[in-house]
Amino acid sequence: MKSAEFEYFRPSSVDEVCTYLANGDSDAEWKVLAGGQTLVPLMAMRLARPTHLIDINRIDALHGVEIAADRVVIGAATRQRVLERTPGLADALPLFAKALPHVGHFQTRNRGTIGGSIAHADSSAEIPLVALLLDGAVTLHRKGASRIVPIRDLFLGPMETVIEPEEIMVSVEVPIWRGAAGSKIGVGFHEMAPRKGDFAIASAAAQIELDANGVCIRAAIGVGGCGPTPLRLHDAEALLIGQTPTDANITTAIQTIDAKIDPDSTLQASADYRRRVCPELTRRAITDAVTDAQSKSPS
Amino acid sequence: MSTMNITITVNGRDRRADAAPRMTLIDFLRDELRLTGSHIGCEHGVCGACTVLLDGDPIRACLMFAVQADGLSVTTVEGLEDETGALSAVQDAFWETHALQCGYCTPGMLMAAQALLHENDDPSDAEIREAISGNLCRCTGYQQIVDAIKLAAKTLSTERANA
């Protein structure tokens, strides 16, 4: 359980990182090290074996949370714990505020980063799921160029993204739901794990907007751990929008889930079990989101 | 592969040594500095036995390379006692309530408890269980550990009241 040998670099700017990544020769595997809460275990188990590691933890430009009028911009190396404690997060991104306490344990949130969690694209991880549901996007830099990739186009499969070896994620942008006049927004998040903070067997998240009459006018619903990537459930959303959410129409909405998910069997749970758990967790997440919205004062 | 010369402030003292990049912080503390109070359990971030404070925040020392801590400050379980060697309130409470049996998870539990009480001087049972949720115990039983942290909170609040 020791990492293979590697060369270590600790640059102080994103430009230096891009230069290193661009100059990597074909025999070398250069890898960015952020919080290390996913990469270091992978290295210890020799599932990852980078020859050159670029530690980005001390690059100031990659840290920080900026809450603007319509979006939150999060530096890729911002610690999960820092975002969790950012004043105003619960108002701006209530679904993040709800999901972050489920991310690992507080010892791992003190090191783990927002960008790192998204870059590793674990289907059962909370941050990729909520970033997907809120229509987030990441900014990727490479030497001399940069591009913005919506989260919905980022994940290719388990632990696999469209991020190229020469690229580094510098920030994550998440739009804020401001809500129509008189509407209310609520969130729900549920997951099942063998121990609180462990990898989720399955998870579900929902953010719902109700108008002044209690009719659902906007919904973002999705699940983790039930397919190769986190999954947004557009069919379930469509069945709720335009309706006053009741137990009956939430039940109708979650009946669409089974056809959309593609869970694997693992040591912790079989695929069949995940198929049973996933709709129920989604029901709870939606129900919580509706109750949460109803308890708010109108915007 | 080259080694790097690094300086880490450990329990208030600057410690300088050579480390290969792949050496984890926990191996550095135990093997280079001979601070064997922090334990190695799973070596991949699951058990919490290696928990130390990095600039005051609890982290897993098996998930960080020693070279990454160059210039930073680390507190280990050896840093909990005072200069006379007297146990800290948290350590004393673990002793008092029999919150350790084999002792393997204890250094991690102590550091997690220390970090919790630093932020929250009157934690509820639920908050205590949340704070130690990242630390596995396989023999003592969590109940005595929860009792110990409650007792430590009480001792510390009495000390503050009398100060």
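To find a chain, count down the sequence lines: A is the first, B the second, and so on, and within it residues start at 1. Atoms considered below: every heavy atom in the structure, side chains included; atoms not considered: hydrogens, waters and symmetry mates.
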Is the closest basic N to carboxylate O distance between Arg10(A) and Asp70(B) below 4.0 Å? yes
Measure distances from Met4(B) to the heavy atoms of chain A and classify the residue's part below 4.5 Å as side chain, backbone, both or neither. side chain
State whether Glu43(B) and Arg60(B) are salt-bridged, where the test is any N-O pair (Lys NZ or Arg NE/NH1/NH2 against Asp/Glu carboxylate O) under 4.0 Å. no
Can you tell me which of Gln37(A), Met43(A), His105(A) forms the most heavy-atom pairs within a distance under 4.5 Å of chain B? His105(A)
Give me the ring orientation class for Tyr20(A) and Phe9(A): parallel if the planes are under 30° apart, tilted from 30 to 60°, perpendicular past 60°. tilted
Is it the side chain or the backbone of Leu53(A) that comes within 4.5 Å of chain B heavy atoms, both, or neither? side chain
Toward chain A, the part of Ser133(B) with a non-hydrogen atom under 4.5 Å: both
Distance-only donor-acceptor check, side chains Asn110(A) and Arg79(A), under 3.5 Å: no
What part of Leu136(B) gets within 4.5 angstrom of chain A, counting heavy atoms only: side chain, backbone, both, or neither? both
Ionic contact status for Lys31(A) with Glu166(A), cut-off 4.0 Å: no
Identify which part of Leu39(A) has an atom lying under 4.5 Å from any heavy atom of chain B, answering side chain, backbone, both or neither. neither
